[in-house]
Each structure stands twice: as structure tokens, then as C-alpha cells.
2 protein chains.
Amino acid sequence: MSTLPTSIKTEEENAKIVGLLKEKGLSVTLPRKLILALLIKEHGPFSAEDIFKKLPKNACDQATIYRCLNQFIETQLVTSAYLEKDMAHFEFNDPHHHHHHIICKICKKIDSFHDCILDKIESTLVKKGYKDIQHRLEFFGVCGSCQKS
Amino acid sequence: MSTLPTSIKTEEENAKIVGLLKEKGLSVTLPRKLILALLIKEHGPFSAEDIFKKLPKNACDQATIYRCLNQFIETQLVTSAYLEKDMAHFEFNDPHHHHHHIICKICKKIDSFHDCILDKIESTLVKKGYKDIQHRLEFFGVCGSCQKS
DNA sequence: TTATTTTTGCAAACTACTTGCAAAAGCTCC
DNA sequence: GGAGCTTTTGCAAGTAGTTTGCAAAAATAA
Ligand SMILES: [Mn+2]
Ligand SMILES: [Mn+2]
Ligand SMILES: [Zn+2]
Ligand SMILES: [Zn+2]
């Protein structure tokens, strides 16, 4: 029986997390395991501060959380969004559960849905009772000239 | 012949800008006119710093630019997006030219297109030569319970 | 284990953005 | 146009999310 960090309960869970990290070429460290385990277990999106508060006390430094999240973004283990002004939110990037969010402009409650066609989504949201709906959609990719260099 | 700020060239342009501000219940001040005129003339998206640099020297303070942009967002005269990490970008919200952006992950060049269906957009982008495409889509609205209060 | 590389914690720095306050500009009504 | 009231601006200081330099600690490789 190997030693596991408190918040990772089973060997399978541990194996999954270690597998994901290694797959992406990241070394297996305790902070990385804890953060990834948290994001897999609890569905976000979470701010860096949310994550810090949810981790066991003194589990790791805030700077480490930011460093890990940036590595997870680069390796596409997590996705980020700017749902509120000036603060990024993160969640585990489960390719089988691609979805999007709607945040209330007033109370900031975050809801999610799995549709991915704009018209369909907007009518889904109207049915859910939302008013004054706007969306923000951005694409990111590598352009032709950057692929050459 | 009334006095116009240097960067607003014609009476029509001036009238349009004044009209837009009044329509939204905003008083007509020089900084607001200059910023809005710039965003209408040059197609963004621009960061607050971009705007500051593009305005005539000492035209207005950075704080004023942020204040104006926030008012323009609230009144939906402009839209904002987080195309790069930690920095908002703004552009004039022309309802007849609704469009979205793609930014190269490497060189940060921003391209735009007018399609608004995800599958169609992605294939348009592939034809344009982009690789490794991701998107980020968020909706914002007022939820049912907030409409009551 | 030992040597090498990577990551972490800590504290300080950075930067986009906001805010308090007094002066200036805009608006309203005469 | 001018008086009086309201709103906005410039300035400087402050805030908050995020990053970074460095030495110690942990992970990986041999
Ligand atoms: Mn989600
Ligand atoms: Mn645009
Ligand atoms: Zn709400
Ligand atoms: Zn590029």
C-alpha cells in the first residue's frame, strides 16, 4: 500500500491522475496531483482562489496553483474562461463532456449546457428563463505563417 | 462652424457620435467622443492601452479611458473580449456587423469572420489555414430569480 | 544512492484596472 | 449667454489577480 495524499482516495483515482500528467509530459508532483484531482472531482469553473480555498490547508502556495494551472492550460488538461471581469476560471477539459456556460450578469450564478449551436443554445436559454442574453465567442489557433516557423 | 476636436473631421461624424452618446443617456464629453470616434473609425479589437496610444497626446487620462469603456460596455456601445490573457479588448458594437475573432496562439494576429454557426466557422478557419483550433464561448444574461428583484 | 533537473514556497514585483478627491467641464433653466 | 447644480475628469494612490527570482526541496535519471 503506497502513501497517497489525503484528498486522493483510491488507487484508481491516483493512477488516472498520474496517467494524465505523464501523458502530457509533466512530472508527477503533489501540488499537480491535488489540483488536477480537485478539478476532476468537482465540476468548475473555479478561480485560482476557489481552488486554493478548496485544497487542504497549506497544501500548496498560490503561486504554485497559478504555475500548475498555466501548465494545465498549455497541455490542454484544463480550459479557461473569463466569465467575470479580470479573473480567469478553470475547469477540467473532459473531451467527452464539451459544454459551455451561462453566467447571470447580476448574481454571477453559473449554469451549463451541452448544446453547441448558437441559435439552439439561445432558445434553450430563453426557455430556462434568461433575459438580455449576449454571447462572447472566440477562436484560438495557429495561423499559416506561424506553422512554418 | 462649430469647434470640433481634432480627430473628429466632419460634422456628420460628430453628429453620429453625439447621437450615439445621447441615445444611451451619456453626457457628451470630449474624452467620450474621442474614444468612441476612434473605435468607430478603426476596427479593433483594441486594449485600453492601444486606445490610449492611438488618441492624440494628452487627450485624456488612462483612468478616463477605463471609465468610458466600462460605460460603453454597460450601454452596449462596445463589446469586450479576453483574447489575450489578463487583458480585455474592446471594439465598437455595430449590430449590422456582428462577427467573431480568431487569434493566433503564437503571433497574436487577430482575424475576423461573420459566420455564426460553430461547425461552419471551424471549417472556414481550416480553409484559412489555421491549425489546432479551440474555441471559447460564453453566454451572459439575467437569470429568472434576478429578474424578480 | 548520487547526480542532475525540475518544481516548490516565499516574498517581492508587476500590471491591468479602480477609486477618492478636488478642479474642470457639461447640463439645465432662466 | 450666464448662474447654479450635476457629472466627469485628471491625478495619484490603491487594489487584486497574476508572475517571477531565488534558494531549498522534491522528482527523475543513472
Ligand atoms: Mn463547466
Ligand atoms: Mn472585430
Ligand atoms: Zn441571477
Ligand atoms: Zn500566427
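Per chain, numbering begins at 1; letters A, B, ... match sequence-line order.
When the P atom of D/dA27 is taken as reference, atom NZ of A/Lys22 falls 12 Å away, rounded to whole Å. Atom CD of B/Glu84 is separated from atom P of C/dA16 by 10 Å (rounded to the nearest Å). Atom CG of B/Leu69 and atom P of D/dT8 are 15 Å apart (whole Å). As rounded to whole Å, 13 Å separates atom C1' of D/dT9 from atom CG of B/Leu34. Rounded to an integer number of Å, the gap from CD1 of B/Ile35 to C1' of D/dT9 is 11 Å. Distance, B/Leu21 CG to D/dT9 P: 10 Å, rounded to whole Å. In this structure, the CZ atom of B/Phe52 is 14 Å from the C1' atom of C/dC17, given to the nearest Å. Between B/Leu30 atom CG and C/dA24 atom C1' the separation is 12 Å, expressed in whole Å.
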Every protein N/O lying under 3.5 Å from an N/O of nucleotides 15-19 of chain D:
from, atom 1, to, atom 2, distance (Å)
D/dT18, OP1, A/Ala88, N, 3.1
D/dT18, OP2, A/Tyr66, OH, 2.7
D/dT18, O3', B/Asp86, OD2, 3.4
D/dT19, OP1, B/Lys85, NZ, 2.2
D/dT19, OP2, A/Asn70, ND2, 3.0

Scan nucleotides 2-6 of chain C against the protein and return all N/O pairs shorter than 3.5 Å with their distances rounded to 0.1 Å.
none

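Terminal axes of the helix from C/dT1-D/dA30 to C/dA12-D/dT19 (five pairs each, C1' rotation axis) are separated by 30°, to the nearest 10°.
Residues satisfying the side-chain contact (heavy atoms from CB on, under 4.5 Å) criterion with A/Phe52, sequence neighbours excluded, are A/Gln62, A/Ile65. Taking A/His99 as the reference, A/His43, A/Glu91, A/His101, A/Ser112, A/His114 meet the side-chain contact (heavy atoms from CB on, under 4.5 Å) condition, with sequence neighbours excluded. Scanning for ring pair (Phe, Tyr, Trp, His ring centres under 6.0 Å) contacts around A/Phe92 gives an empty result, with sequence neighbours left out. Residues satisfying the side-chain contact (heavy atoms from CB on, under 4.5 Å) test with B/Lys131, not counting sequence neighbours, are A/Gln147. Take B/Thr124 and apply the side-chain contact (heavy atoms from CB on, under 4.5 Å) test, not counting sequence neighbours, and it matches B/Asp115.
For the ring pair (Phe, Tyr, Trp, His ring centres under 6.0 Å) condition, no pair includes a residue of residues 20-39 of chain A, sequence neighbours left out. Applying the side-chain hydrogen bond (donor to acceptor under 3.5 Å, both in side chains) rule to pairs touching residues 17-28 of chain A yields A/Ser27-A/Arg32, sequence neighbours excluded. The stretch residues 125-149 of chain B participates, sequence neighbours left out, in these ring pair (Phe, Tyr, Trp, His ring centres under 6.0 Å) pairs: A/His98-B/His135, A/His100-B/His135, A/Phe113-B/Phe139, A/His135-B/Phe139, A/Phe139-B/His135.
Remark: A/Thr29 is not in phosphate contact with C/dT7, judged by side-chain N or O atoms under 4.0 Å from OP1 or OP2.
Within a 6.0 Å sphere centred on CD of A/Glu84, heavy atoms belonging to other residues, nucleotides or ligands number more than 12.
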Candidate pair A/Lys53 and A/Glu49, rule salt bridge (Lys or Arg N to Asp or Glu O under 4.0 Å), full reasoning: CA-CA 6 Å; A/Lys53 285 183 184 157; A/Glu49 200 196 346; 3.0 Å; yes
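Remark on DNA chain C: of its neighbouring residues A/Pro31 and B/Leu26, the 5'-side contact belongs to A/Pro31, judged by nearest-heavy-atom nucleotide. Both B/Thr64 and A/Ile65 sit near DNA chain C, but only A/Ile65 has its closest nucleotide nearer the 5' end.
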If you look only at distance, which donor and acceptor atoms sit under 3.5 Å apart when one is on a side chain in residues 72-80 of chain A and the other is two or more places apart or in another chain?
from, atom 1, to, atom 2, distance (Å)
A/Thr75, OG1, A/Gln71, O, 2.8
A/Thr75, OG1, A/Phe72, O, 3.3
A/Ser80, OG, B/Arg136, NH2, 2.8

